[in-house]
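First comes the structure, then the notes that go with it.
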Amino acid sequence: MATESRNKQRPVRTLIILFSVVAALFGIMALANSWAPKLGLDLRGGTTITLTARNTTGTGAVDQASLDQARTIIQQRVDAIGVGESEVAVVGNNQITVSVPNVAPAQLQEMVGQTAELEFRPVYSAEPAVPGTPSGLPIPPPDPRPTTEADTQPTTDEVLAWQPSARDLADYQAYQCGDPFPDVPDQVLITCDREQTTKFLLYPSVIDGGMLTDANSGIPQGGVNWIVTLSLNGDGAAIFEKVTGNLAQKPSPQNTFAIVLDSQVITYPSLEQAIPGGQAQISGNFTQESAGDLANVLKYGSLPLSFDLSEVSNVSPTLGGEQLRAGIIAGLIGLALVLIYSVVYYRALAVVVITSLALAAILTYQIMVLLGEGMGFALNLPGIAGAIVAIGMTADSFIIYFERIRDEVREGRTLRTAIETGWIGSRRTILIADAVSLLSAVVLFVLAIGSVKGFAFTLGLTTLLDIAIVFFFTKPLMTLLGRTKYFGEGRRFSGFEPEHMGAQRRSPIRRVRASAPKEA
């Protein structure tokens, strides 16, 4: 009796848990104040920028291999900021176009346009910058140096022993923020920070971006401000430990280490001791967004070419309102046909199909909204097509289950027993069918490009939801309906009538009462 009682409670408990999950997802949407999915380029539009590549020398044709490499790096940067359906393409011999939905033009320009030339330079001098406009002084040429391999890159000991020349000091005194200055790794650099409040005279570079293995953003334990953490390879870690140990023994500001990105000082922390392990931090007035952007730029490397921003434009939806409405109408017609078929063939049991489809639609919508808010997923028209395909998948799972119940009834089992044994026989078929669909979605997502990925992603998502709906809603609901008098006794139009299930009703036993003989 105890076992039977637990079995009776199981469908109800399963449904309660499922609806609790749905309610929790609505709660998360409320906390995030997000009630609609983000739309892709074909439904909403976005930002398109055109970058024109040039060699760092400014002359000669652009190398196509370098242009393709730059396109790959830009694609990685855009993908890393969590936007869906981005398009990065090479146009002609020297241009790259970037189209991204749901991203502000300024953020996109900063993300894809940075060359991300990272350097670690010891600080020789730092002082407040004099307010005013750039002096307009010409760019001083780099100091003439022998071009032999041995002298091209000074050793760490040579850098630490370096002292500025009289010309370096004169250039430093005359420099104002905004003045151009050559950024040559093996020579002195005079520059300012990003805020243009402090100018620096920096040693030659001792660590470059090629020694960087990873970069991440976050808030350190016990801290309140966002930072960017860097990991260096073996050579970089050894140099970093040696240099920080040397600088820690010097007076301020020569006990600081400037982290320079694209010729501007991001931060220059002071040192008290050597830092082993090759772990560095970039701190500053970072927000979550700016710290994440910088980490992504550093993580995916420098662009092999210099780019000029040629054009910035807002993209209008490439599909007109008529086409979108036509797609929605087609989906509604398909849904209506499924519902009509369900009512005609399954009668009152059509309520299972209808509620399963409704719940699947709600869960799909919730997850798309939350993915858009948390990961930048953008819904496009192929994605909507993938959701429409899910209508047939959910209905097909019910058909497999119902037909298995009919087989069990025809074999002589009672309806309640057939519901349970039919589920055991059908769930494997349902899982195999959904596994094939899921595998197709994964392969398509990996191999496809552009907006087709939206179709593959939505198809895979709805396939997983179909499994959840069948196991945690359709099956428990069928069990509960089988225990009611109307469905369990196979009453008219219930969908469980014996004739409809392929079973024969037993003929009632008629008792014939003998009549008395009539008198003549």
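- Within a 6.0 Å radius of CZ in Phe472, other residues, nucleotides and ligands contribute 12 heavy atoms or fewer.
- Note on ring orientation: taking the six-membered ring where Trp is involved, the planes of Phe377 and Phe457 are tilted (angle from 30° to 60°).
- Residues Gly386 and Thr462 share a closest heavy-atom pair of O-OG1, 3.9 Å.
- Rounding to the nearest 0.5 Å gives a distance of 10.0 Å between OG of Ser125 and CD1 of Ile190.
- Here the side chains of Glu119 and Pro185 are in contact, with some heavy-atom distance below 4.5 Å.
- Under 3.5 Å, the side chains of Thr213 and Ser231 contain no donor-acceptor pair of N or O atoms.
- The environment of CD in Glu272 is sparse: at most 12 heavy-atom neighbours from other residues, nucleotides or ligands sit within 6.0 Å.
- At a threshold of 4.0 Å, the pair Arg121-Asp208 does not count as salt-bridged, since none of the basic side-chain nitrogens sits closer than that to a carboxylate oxygen.
- Side-chain atoms of Thr48 and Ser99 form a donor-acceptor pair, as typed in the model, at a separation below 3.5 Å.
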Checklist line | Check against side chain to side chain contact (heavy atoms under 4.5 Å, CB included), Asp186 and Val159 | finding: CA-CA 9 Å; Asp186 62 344; Val159 172; over 6 Å; no
List the atom pairs, with distances to 0.1 Å, where a side-chain N or O of residues 241-250 and a protein N or O form a donor-acceptor pair under 3.5 Å, not counting sequence neighbours.
{"from": "Lys242", "atom 1": "NZ", "to": "Asp157", "atom 2": "OD1", "distance (Å)": "2.6"}
{"from": "Lys242", "atom 1": "NZ", "to": "Asp157", "atom 2": "OD2", "distance (Å)": "3.3"}
{"from": "Thr244", "atom 1": "OG1", "to": "Phe240", "atom 2": "O", "distance (Å)": "2.7"}
{"from": "Thr244", "atom 1": "OG1", "to": "Glu241", "atom 2": "O", "distance (Å)": "3.1"}
{"from": "Thr244", "atom 1": "OG1", "to": "Ile275", "atom 2": "N", "distance (Å)": "3.0"}
{"from": "Lys250", "atom 1": "NZ", "to": "Tyr203", "atom 2": "OH", "distance (Å)": "3.4"}

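- Nearest heavy-atom pair across Ala53 and Leu67 is CB-CD1, 3.8 Å.
- Between Tyr172 and Glu127 there is a side-chain heavy-atom pair separated by less than 4.5 Å.
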Check: Taking it one step at a time, do Phe181 and Leu189 satisfy side chain to side chain contact (heavy atoms under 4.5 Å, CB included)?
Finding: CA-CA 7 Å; Phe181 197 91; Leu189 175 64; 4.1 Å; yes
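- Here the side chains of Val188 and Leu202 are not in contact, with every heavy-atom distance at 4.5 Å or above.
- Ile16 has its side chain out of reach of Thr14: every pair of non-hydrogen atoms, C-beta onward, lies at least 4.5 Å apart.
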Check: Can you check side chain to side chain contact (heavy atoms under 4.5 Å, CB included) on Leu357 and Leu335, steps first, answer last?
Finding: CA-CA 9 Å; Leu357 288 172; Leu335 178 61; 3.8 Å; yes
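- Contact check for Asp193 versus Phe200: side-chain heavy atoms found under the 4.5 Å cut-off.
- Here the shortest heavy-atom pairing between Ser356 and Thr394 reads CB-CG2, 4.1 Å.
- Interatomic distance, Ile384 CD1 to Thr458 OG1, rounded to the nearest 0.5 Å: 8.5 Å.
- Looking only at distances, a side-chain donor or acceptor of Lys199 sits under 3.5 Å from a matching main-chain atom of Tyr175.
- Contact annotation: the side chain of Phe455 approaches that of Leu444 to within less than 4.5 Å [non-hydrogen atoms, C-beta and beyond].
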Output side-chain donor-acceptor pairs under 3.5 Å for residues 23-35, partner residues at least two apart or in another chain, one line each.
{"from": "Ser34", "atom 1": "OG", "to": "Glu373", "atom 2": "OE1", "distance (Å)": "3.4"}

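- No side-chain donor-acceptor contact under 3.5 Å links Tyr365 to the backbone of Val369.
- Closest approach of Ala258 and Tyr268 over heavy atoms only: CA-CB, 3.9 Å.
- For the pair Asp434 (side chain) and Leu431 (backbone), a donor-acceptor distance under 3.5 Å is absent.
- The two residues Ile227 and Ala291 have their closest heavy-atom pair at O-CB, 4.2 Å.
- Pro122 places none of its side-chain heavy atoms less than 4.5 Å from the side chain of Gln254.
- Two rings, from Phe257 and Phe120, have their centers less than 6.0 Å apart.
- Of the possible polar contacts, none joining the Asp466 side chain to the Thr463 backbone as a donor-acceptor pair under 3.5 Å is found.
- Of all non-hydrogen atoms in Ala237 and Leu232, the two that sit nearest each other are N-CB, 3.9 Å.
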Next item on the list: Give the C-alpha distance, both sets of side-chain angles, the deciding distance and a yes or no for side chain to side chain contact (heavy atoms under 4.5 Å, CB included) between Ile362 and Val22.
Entry: CA-CA 8 Å; Ile362 292 173; Val22 174; 4.1 Å; yes
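- Donor-acceptor pairing under 3.5 Å is lacking for the side chains of Thr50 and Gln95.
- Taking the side chain as every heavy atom from C-beta outward, Leu51 and Ile49 approach each other to under 4.5 Å.
- Within the model, atoms OG1 of Thr229 and CG of Asn216 stand 5.0 Å from one another, a figure rounded to the nearest 0.5 Å.
- One finds the CD atom of Gln366 at 11.5 Å from the CG atom of Leu371 (value rounded to the nearest 0.5 Å).
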